[in-house]
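Below: one structure, written as structure tokens.
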2 protein chains.
Amino acid sequence: MPAIGDVARLAGVSKATASRALSGRGHVAADTRRRVQLAASEIGYIASPDAASLVTGRTKNIGVVIPFVNRWFFGAVLDGIERTLLAAGYDLTLYNLPVSGPERSRVFEFFLARKRVDAVIVIGVDLTPGEIGGLERREKPVVCIGGSGEVTARLTIDDHGVGALATSHLLHLGHTRIAHLAGVGATSQPASVAGLRAAGFLETTDAAGLPLLADESSAGGPGAILVEADMGMPAGFAAGLQLLGHPAHRPTAVFAASDEMAFGVIRAAERLGLSMPRDLSVIGVDGHEHAELFDLTTIEQSPTEQGRLAVEVALRMLGGEGGGGGAPDPLPDSGAPMPTRLVVRGSTARPAVA
Amino acid sequence: MPAIGDVARLAGVSKATASRALSGRGHVAADTRRRVQLAASEIGYIASPDAASLVTGRTKNIGVVIPFVNRWFFGAVLDGIERTLLAAGYDLTLYNLPVSGPERSRVFEFFLARKRVDAVIVIGVDLTPGEIGGLERREKPVVCIGGSGEVTARLTIDDHGVGALATSHLLHLGHTRIAHLAGVGATSQPASVAGLRAAGFLETTDAAGLPLLADESSAGGPGAILVEADMGMPAGFAAGLQLLGHPAHRPTAVFAASDEMAFGVIRAAERLGLSMPRDLSVIGVDGHEHAELFDLTTIEQSPTEQGRLAVEVALRMLGGEGGGGGAPDPLPDSGAPMPTRLVVRGSTARPAVA
DNA sequence: TTGAAAGCGGTACCAC
DNA sequence: GTGGTACCGCTTTCAA
């Protein structure tokens, strides 16, 4: 495997000049540069990133922590991150984080703590103070997308607002018995995405005078129902069957915390012979690429764009003079929430007259 | 950031001894080892992988090349790979490969060519001879899952057999007008996954005496119809609408090259008011986690397990003495195809009597 | 069993 | 503008 010394020899210059000519740093005569570049491609020279990292302290590699690969939102974010990093000449090292357990701490205490990643992007994870502290101690910039934890840079939508908006939409249509399919941890982790969306739902129904019902089998009539489930489609389906199974207790509208859950609810409704939106209105969150196909009303966000931005922020934190401590806010719009948009489709409508 | 010299000083030993004590290579007195380990954890020492790579020539990092993150099959494979690598102390560097264009060559000629990855796992990509040659020249073991290209290690199912099996299933049920929704490139790339499945379909229908119809609007009656589309759900939906739109030309069964396509077809059928399996039978491929939810008959494979195995193979190739040239076959079962299984659900049945 | 010293492949500082 | 050289942090002979 050719090293820079070989290139230098072939081009008749010193290693130092070869390095400058190839990396573009420092001044080299145009002619010399061409000779060096020619020599390099001649022998198929490619710089060893490890050697460069060793001396510069920069790896040009970003660690990405994600709880699931196979959920649309996360995949889309990952996609945005990947493209942006690639264009910037950075590598992406992926860590598929187990919810908890020894594997999780190994990721933070070993993999991410090493000098192999310049910065870390964390997607949809509720970070513990210890995890954040460890990264800070190693002076690694951390950019979060969603999730929770006291971190300096976080890109997020207004999840509380999303919960409120979705709920208002249903209320305005005239629904008075509304269920919210919240993500797991909505009550135990109030600061999490699931928790915030649920809070938005609860406050809005409460403000509308709807009582919070103990569970889905509470007697009919107006009220708000809260159910926690995994944010995927199968769990949405199961919860949907449960929720919609008994005609007497059935809500007329469901606000699902994710589009995938909503798809599950829609299929459950179909399975039960309910017609939409006549018998049931459903609204989701995300702007899933299949939402149109399911004719699902949803609150769109742009995960790919969030991924792109997260990289930009991370790179900016890296670019700033080393520390990042006193640097000006690297977040766009002073950390304002990312935009969302209510897209009304055929899955929501006024309830059938009682 | 503490270096090994700091650990050595604190423990009162030389750098060499500290290295041996921490890495486990070479003999160190049990007592010395403890002292070193204590010192290391005392100051929060974590070895720099770059420095180690530089001297050992091993990065403990595997490059993974994937065409989409947001397709269930690929996500599931990625998941299997990730878990296995993590357990082995390896990093995963992800490359989301554009179908073609300059970005694609940059991945192969720059990112993967560097000494940053020990080996490469390529999922569902049709590799060109040039791409393979480049990797071989740099002596990087390559393990493929699906896709095509003349590579030494490839894990794959019997895609031709899958196409034949799915088709036979429909034929045995009595269907005589069958459409195959093939992946893009089925005809132009006969060795690709899409091509092989389509070939299995065509041979089987041909053997059954069904004529190949020019397109889906060919006159009714027995025949085989071949349509190419993207392997995702939206494309499946669109193709489904097209294919099933005209009652006179409608096939009674559809074999979709992927479960996601099949889901799309199912929704298209529902949208058109067709009832399944009365008016239409649908079979897919993959064993998607939502297949049960759609009551979809499918030919299951195990992407996660394939990912796990790919890592095992790659690590074995790495473990073998350097070259890999004359090493014994690192593939399990001498490269026999990975298992698949027909799972019959409610989406396939005998056709309604004509 | 342990230590001294030579690199791995680059970069960057310093002279020239 | 270019070359010499120290050094990034670690592993690994080779001697002791």
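Heavy atoms only: backbone and side chains are in, while hydrogens, waters and symmetry mates are out.
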Does the side chain of B:S19 get closer than 4.0 angstrom to OP1 or OP2 of D:dT11 through an N or O atom?
yes
In whole angstrom, what separates A:K60's NZ from C:dT11's P?
11 Å
Nearest heavy atom decides the nucleotide; on that basis, is A:A18 or B:V28 closer to the 5' end of DNA chain C?
B:V28
Please state whether the phosphate of D:dC10, meaning OP1 or OP2, lies under 4.0 angstrom from any side-chain nitrogen or oxygen of B:T56.
no
Please report, rounded to the nearest Å, how far the P atom of C:dC8 is from the CG atom of A:D6.
11 Å
Distance, rounded to the nearest Å, where B:L22 contributes CG and D:dG9 contributes P
16 Å
Side-chain donor/acceptor of B:R20 to base of C:dG3, under 3.5 Å:
yes
Just how far, in rounded Å, is C1' of D:dT2 from NE2 of A:H27?
13 Å
Measure the distance from CD1 on B:I46 to C1' on D:dG9 and round it to the nearest whole Å.
14 Å
To the side chain of A:A29, which of C:dG9, D:dG4, D:dT2 is closest?
D:dT2
Phosphate contact (D:dG3 OP1 or OP2) by A:T17 side-chain N/O below 4.0 Å:
yes
I'd like to know if the side chain of B:R25 reaches the main chain of B:S19, judged simply by a donor and an acceptor atom lying under 3.5 Å from each other, with no hydrogens or angles considered.
no
Between the first and last five pairs of the helix from C:dT1-D:dA16 to C:dC16-D:dG1, the angle of the axes, rounded to 10 degrees
30°
Which whole-number value in Å describes the distance from B:R114 CZ to C:dG10 C1'?
14 Å
Judged by modelled atom types alone, do A:T304 and A:D79 share a side-chain donor-acceptor pair under 3.5 Å?
no
So, do A:I66 and A:L78 sit near enough that their side-chain heavy atoms are less than 4.5 Å apart?
yes
Please check if the side chain of A:R20 supplies one atom and the backbone of A:V28 the other of a donor-acceptor pair under 3.5 Å.
no
I need the CZ-C1' distance between B:R25 and C:dT1, as an integer number of Å.
18 Å
To the side chain of B:I4, which of D:dG4, D:dC10, D:dT2 is closest?
D:dC10
What nucleic acid atoms does A:T32 come within less than 4.0 Å of, heavy atoms only: base, sugar-phosphate, or nothing?
sugar-phosphate
Any donor-acceptor pair under 3.5 Å linking the side chain of A:N61 with the backbone of A:R116?
yes
Any N/O donor-acceptor pair, A:K15 side-chain to C:dG10 base, under 3.5 Å
yes
Taking C:dG9, D:dC10, D:dT5 as options, the one with an atom nearest any side-chain atom of B:V55 is D:dC10
Taking the side chain of A:S14 as heavy atoms from C-beta outward, which of D:dG9, D:dG3, C:dG3 is closest to it?
D:dG3
Atom CZ of A:R116 to atom P of D:dC8: distance rounded to whole Å?
21 Å
Using a strict threshold of under 4.0 Å (side-chain N to carboxylate O), is an ion pair present between A:E103 and A:R106?
no
Using the closest heavy atom to pick a nucleotide of DNA chain D for each, name whichever of A:A16 or B:P49 lands nearer the 5' end.
A:A16
Residue pairs, two or more places apart or on separate chains, that pass ring-ring contact (aromatic ring centres under 6.0 Å, His included) and touch residues 81-104 of chain B:
B:Y95-B:F111
Would you classify A:A3 as touching base, sugar-phosphate or nothing, given that sugar-phosphate means primed atoms plus P, OP1 and OP2, and contacts are heavy atoms under 4.0 Å?
sugar-phosphate
Keeping B:N96 on the side-chain end and B:P67 on the backbone end, is there a donor-acceptor pair under 3.5 Å?
yes
Using atom types as modelled and distance alone, determine if a side-chain donor or acceptor of A:R58 lies under 3.5 Å from a backbone N or O of A:L318.
yes
May I ask you to evaluate whether B:S48 reaches the phosphate of D:dG9, defined as a side-chain N or O under 4.0 Å from OP1 or OP2?
no
If you check the B:L54 side chain, which of D:dT11, C:dG9, D:dT2 turns out closest?
C:dG9
With the side chain defined as heavy atoms from C-beta on, A:Y45 is closest, among C:dT11, D:dG3, C:dG10, to C:dG10
